[in-house]
Structure formats: C-alpha cells, structure tokens
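Below is one structure, written out as structure tokens; the observations come after it.
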Amino acid sequence: MSLKLYNDLTRKKEPFVPIVPGKVSFYSCGPTVYDYFHIGNSRPFIVFDVLRRYLESKGLEVNFVQNFTDIDDKMINRANDLGITVNELAEKTIQDYFEDADALGIRRATHYPRATEHIENIIFLVMTLIEKGHAYEIEGDVYFQVSTFPEYGKLSKQTIEELQSGARINVDERKKNPLDFALWKTHKPGEPSWESPWGKGRPGWHIECSAMSMKYLGETIDIHSGGCDLTFPHHENEIAQAEAATGKEFVRYWIHNGYLLIDKEKMSKSLGNFLTARAARLKFSPLAIRLFMLSAHYRSPINFSEETLEQAKAAVERLLNCWSDLQHARTHRDLGASEHSEQLQAIERLFDSYIEDMDDDFNTAGALGSVFEVVRLANNYLKDNLVLSLDVLEKIESFFKKIDDVMGIMGLTDNEQHEDSSEIERLISERNQARKDRNYARADQIRDELADRGIILEDTSEGTKWKIQI
RNA sequence: GGCGGCAUAGCCAAGUGGUAAGGCAGAGGACUGCAAAUCCUUUAUCCCCGGUUCGAAUCCGGGUGCCGCCUCCA
C-alpha cells in the first residue's frame, strides 16, 4: 500500500516516489503579504499542511518550503495607501499570518523565504535565462521569451497558439509575443528597487518561486502545490523559467486544490465576497474549520457557509465527546484483562481503511468516514461493557491520536488543555454534594460558573463528565 | 473559441462494474432533579435519455444544469 497523488502535469493519479528515498522536497505557494489572508486562502494552507503531516506520519522527512511574496504591485499600492513602507507592510502582515496560521493549527514550514531576501538568486536566474537565449531585455524590463521553450503550456495543456487565441490581456507592443512575461521590472519612481545588470528594478512575480524553490530544495523537487488558479500562468511560468535555465525537470508532482466558494462563487478579494481567516476562526472554531476543509476532496470546490461550518462544528463535538467519554471511562470503570479481540481487529481494519483512503490521492473525506466509524465503535463499546479492556481503550486512543496528529481536528496534540483539571474536579465534587443535598441552586450555580469558563458538565449514570467547549 | 471540473438523501459528502461510507439536521428510544447535553437506532437506488453488460451511481454516446482557468487571484 502506498501513496498515490493526482499529478496535474499528467492528469493522472501516480504512485508517489520521492527522488531521494525517505525524503520529500515540497514547495507550497504562499501568500502575498499585503493583507490578512481570507478563509479561501486558508484552504491550501490547511490541506497541504495535512498532506505534509501525512507524509511525515509515514516516516518521510519533509522539507517544506512556503514563500512570502513581499514585493509586487499589490504590496506597493497597499503600502502607499497606508502611508508605510513596503517592508513595514510585509513585516506586519507576516506577523498576522503567523498568528492566524498558528491558531488554525498549521504547522510551521521548514523555511519561509521572502522574495526581497533573494534578489541575488533571482538576478542570477534571470541572467542565466538571458545567456541561454530564453529572455530579452527592453528598456530595463526583462521578459521571458515563451517561443524559446517549446514545452510552454504543458501544465495547462494548451499550446502557445491556443493560449494566444484566448488572451484577453492588452498587449505590450514591445514584447515579442503577448505571452512573454516579465522576469524583471524596471524601476518606477516611489517604488522599492534593487540594483541589477539592467538598472534599478524589481523582480516579476513568477521568478521568485523558481529561484527560491531551487535554492532551498534543489533543481528538481518532489511536490509543488498551490491553488488551482495558479496553474496558469504562475506555475506554467515557473516551469518555463526553471527548466529553461537548468534543462532539468523542475517538479515531479504538481498538485492544486480546488476553490473555496461562498454563495457558489469563488471567494476572492477582487470580488469583495471574502471573510478573513481571522474573522472565521474567531466565529467558528479552528478545529471545525479544519474538519470542514477536510470534509471534501482537496481538488473539489467546497462551499463555505454558516450551515456547512455549523455542521463541521457539530461533527468535531462528536469526536471530542467520544474522547472525553473514553477519558472518563478510564478513571471510573474497572479495567479488566478481558479479551475483546473483536474490537481490536475492527479498529485495525478501520485504521487500514483510513490509510487506504489517505493513500488514494489524499482522500480525506473518505478517511473521515473511518474516523467516525471508530467513534461509533467506541461509543458502543463503552455502552455495552461495564468492564473494559485496557488494550481496547488504548487502541482507540491511539487511533485518535494518530489521525489527529495528521488532521489536527481534535486538538489532542497541538492544543494543550490549559485548564486545571483538579480544580474542576473539586468543583464537580462540591456540586454533586449540593445535588445530593437537593441544593440545586448551588449546583446550578457551579455549573453556570464552569460554563462561563468554557467547561461543559454532563451528569450521567456513572458520574459527572466534563469537557471543553470548542 | 480553447482547456478543465462538477451533478449521490432536507444539507455536507465518500464511493469508478456486483444491489449506496461517514457527518449534520429530522424521527424513535435510553439516561436524567426539570432542562440541557450525551449515547443508541433509523432515513437515498445515485440530473435526464439511450447503449454496453448476467449485472452500472460507477463504462460508452447524447442532452440539461452549474462552476472554474485562458487577466492579479489560494
């Protein structure tokens, strides 16, 4: 059993075989840091975080690189609007990025290269392309000449001619071909610029990813990911730049996530129909947002709505309730050495099924099915057996820990519980004494106080359970 | 015009040849100081038409509808 990934380059599912056994080089296109990222932007961050974690769970060492685009038109315009420098804007936005990404359980990448810190690498790459006849300079601008790269269009499955016929852009008359794209842009007054062989200027957008990917991961890497709207032109151009320069294959597996829609429309800043990830995570729990993102296949469009998020939240609560019931049972039930091999085998089968789905092009929605089947198994097990097998309990707990370590939907590993459980237990005892004394006013008071702290109490036939509200 | 995706129960969503996972909501039941919460059980023949096949949601042809890329965009 091994991982298969849908490769957009071949439009087929292919067995994933890393270049270097045991290691994975993974470049994921990151944000342009001019504003908070919105919940649509967070889809690739979350799903590729999960893919990265899954690879690691298989024992692979993943070198995960995500860039920050910190110089382009949007950066310049926004900085001007705010009356700050482009660098100040970048610093502030990157800080905000980490605040939101961390809160959403997105693990830190191995490297976060920024375009402005790799100007030398970029210039060197542009020089190489000029030397090799793939690029030309006009009045301080440098363009990539697509006609010199016959494979141009191989990712978007279009020929240069087909791409031209559909072009809607206003053609810059100086370019040799409308599809030629800027590698270097000449300096304009009031814009940040760097010295280069072509005068002062700044890099084009696409070149940074090629340059930084090669710097941190090598000329040929395993995986390059991004939103499907980056397929053309961004990733097509990255391929052209890198492969024209090195003569080697740039990326083995290209993977793209589908859009997040809102009211059936693409969520985007230009349409103005966006919700920032910050607002979303404050309104819904990060765990619910993650489960929502994983509830559909990563390549399918997914519709964001109040209703779908509430559904995800309820699903997370089901997981968490099961977990807290298991913890309660551990301390309140007899743990006999009784044989429950049927359960053990069933859990193993469900874990295999989870792996099978994840291995099949990262089918998180299918994998979640197995997760919830374990929930039902666990609930039934607790319901049907007064004396529990420690083996079974540990097997179930281990299952949840493993899937949570990859999906991050239960907060078992990343969100440490900061509540003082002994304090809570003490209040619960006090409340139960009050209940025995029929002092329900005091009992309810304690329950309300804990509720204010986000602790939910549940009275059951085997005592009072507590859990944290998400 | 070119390229591509999608259509499965009230909602979300797996499933690519053998009579449809899972989640949410709903209904019934259990538990309970009322309540809440929780748990259990339960709910579909897969957009339409035609074809291939012993057998199709799953393959082929046609149709309808929705969406995306070809311009900055995750």
Side-chain angles (χ1 to χ4, degrees), chain A residues 8 11 28-32 37-48 72-74 77 153 156-159 161-170 179 205 225-234 236 256-261 264-271 274 277 291-292 294-297 299-303 305 307-319 321-322 324-325 350 353 357 360 363-376 378-380 382-384 434-436 438-440 443-444 447 451 456-462 465 467 469:
Chain A
D8 275 306
R11 303 253 165 108
S28 197
C29 277
T32 300
F37 64 95
H38 61 63
I39 192 70
N41 300 130
S42 74
R43 184 172 188 192
F45 302 154
I46 291 172
V47 299
F48 297 129
D72 82 332
D73 289 343
K74 290 194 295 287
N77 293 336
S156 42
K157 299 289 177 285
Q158 299 263 285
T159 64
E161 291 70 33
E162 287 165 342
L163 286 164
Q164 275 176 23
S165 68
R168 285 179 283 163
I169 44 174
N170 292 325
L179 294 172
W205 172 37
S225 70
C228 62
D229 48 354
L230 295 185
T231 307
F232 189 89
H234 185 56
E236 195 72 69
H256 296 95
N257 63 279
Y259 291 122
L260 182 137
L261 309 174
K264 300 291 167 69
E265 273 194 312
K266 175 181 173 182
M267 182 183 285
S268 76
K269 289 178 179 167
S270 49
L271 291 173
F274 67 94
L291 188 135
F292 165 73
L294 301 177
S295 69
H297 188 90
R299 282 190 284 113
S300 305
I302 190 170
N303 197 44
S305 70
E307 188 182 11
T308 50
L309 263 292
E310 288 298 340
Q311 290 178 0
K313 186 181 174 190
V316 170
E317 283 170 347
R318 180 167 164 80
L319 292 172
N321 285 329
C322 182
S324 71
D325 285 353
L350 287 166
S353 166
D357 280 323
D360 182 14
N363 182 356
T364 54
L368 280 172
S370 302
V371 172
F372 283 96
E373 287 193 59
V374 171
V375 170
R376 182 163 47 205
N379 286 335
N380 275 319
L382 294 179
K383 178 170 69 82
D384 295 337
R435 291 173 72 209
K436 241 178 236 172
R438 298 188 172 275
N439 182 358
Y440 295 123
D444 290 347
R447 183 165 60 189
I456 311 285
L457 298 189
E458 282 172 30
D459 299 322
T460 74
S461 52
E462 55 176 348
K465 300 176 184 176
K467 65 185 181 190
Q469 185 169 35

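Residue numbers begin at 1 in each chain, while the letters A, B, ... track the order of the sequences.
Between A/K266 and B/A74 there is no side-chain polar atom (N or O) within less than 4.0 angstrom of OP1 or OP2. The phosphate of B/G23 has OP1 or OP2 within less than 4.0 Å of a side-chain N or O from A/R318. Under 4.0 angstrom from either OP1 or OP2 of B/G33 there lies no side-chain N or O belonging to A/R438. For A/N303, no side-chain nitrogen or oxygen approaches OP1 or OP2 of B/C12 to under 4.0 Å. At least one side-chain nitrogen or oxygen of A/N321 sits closer than 4.0 Å to the OP1 or OP2 atom of B/U38. Between A/N363 and the phosphate of B/A14, there is no side-chain N or O to OP1/OP2 separation shorter than 4.0 Å. For the OP1/OP2 pair of B/G33 and a distance below 4.0 Å, the side-chain nitrogens and oxygens of A/N439 include no atom meeting the criterion.
For B/A35, the base has a donor-acceptor partner in the side chain of A/R447 [N/O atoms by modelled type, under 3.5 angstrom]. Judged by distance alone, with hydrogens and angles left aside, A/Q311 brings a side-chain donor or acceptor within reach of the base of B/C11, the pair sitting under 3.5 Å.
Distance alone, capped at 3.5 Å, places no donor-acceptor pair between the A/T308 side chain and the A/F292 backbone.
Within 4.0 Å (heavy atoms only), A/E373 reaches sugar-phosphate atoms of the nucleic acid but no base atom. Within 4.0 Å of A/G40, counting heavy atoms only, lies at least one base atom of the nucleic acid. Residue A/N380 is classed as a sugar-phosphate contact, given heavy-atom separations below 4.0 Å to backbone atoms only. As judged by a 4.0 angstrom heavy-atom cut-off over every strand, A/T231 is placed among residues making no nucleic acid contact. In this structure, A/N41 reaches the bases: a heavy-atom distance under 4.0 Å links it to at least one base atom across the strands shown. Counting any heavy atom pair closer than 4.0 Å across all strands shown, A/Y440 reaches a base atom. Residue A/Y259 is classed as a base contact, given a heavy-atom separation below 4.0 Å to a base. Within the nucleic acid shown, A/I456 has no heavy atom closer than 4.0 Å to any nucleic acid atom. Among the heavy atoms of the strands lying under 4.0 Å from A/A365 is at least one base atom, whether or not backbone atoms are also near. Across all strands, A/R299 comes closer than 4.0 Å to no nucleic acid atom at all (heavy-atom distances). Residue contacts shown for A/K467 are limited to sugar-phosphate atoms, with no base heavy atom under 4.0 Å away.
Across all strands shown, B/G18 forms a Watson-Crick or G-U wobble pair, both distances under 3.5 Å, with B/C54. If you check B/C3 for Watson-Crick or wobble pairing at under 3.5 angstrom, you find it paired to B/G68. Taking a pair to require two hydrogen-bonding distances under 3.5 Å in either a Watson-Crick or a G-U wobble arrangement, B/U32 remains unpaired. Across all strands shown, B/G61 forms a Watson-Crick or G-U wobble pair with B/C49, both key distances being under 3.5 Å. Under the Watson-Crick or G-U wobble criterion, with both distances below 3.5 Å, B/A27 is paired with B/U41.
In this structure the side chain of A/Y259 never reaches within 4.5 angstrom of the side chain of A/S268, judged on heavy atoms. In this structure, A/C322 and A/L382 have side chains that are not in contact, with every pair of non-hydrogen atoms separated by 4.5 Å or more. Within the 4.5 Å cutoff, no side-chain heavy atoms of A/K157 are placed close to those of A/E162.
Looking at the side chain of A/D444, the nearest of the listed nucleotides B/G33, B/A14, B/U38 is B/G33. For A/P233, the listed nucleotide lying nearest its side chain is B/C72; candidates were B/A74, B/C72, B/A35. Of the candidates B/G33, B/G4, B/G23, B/G4 carries the atom nearest the A/R11 side chain, counting heavy atoms from C-beta on.
Remark: C1' of B/C3 and NE2 of A/H256 are 14 Å apart, rounded to the nearest angstrom. Rounding to whole angstrom units, NZ of residue A/K465 and P of B/C31 are separated by 15 Å. The nearest whole Å value for the distance from the CD atom in A/E236 to the P atom in B/G2 is 19 Å.
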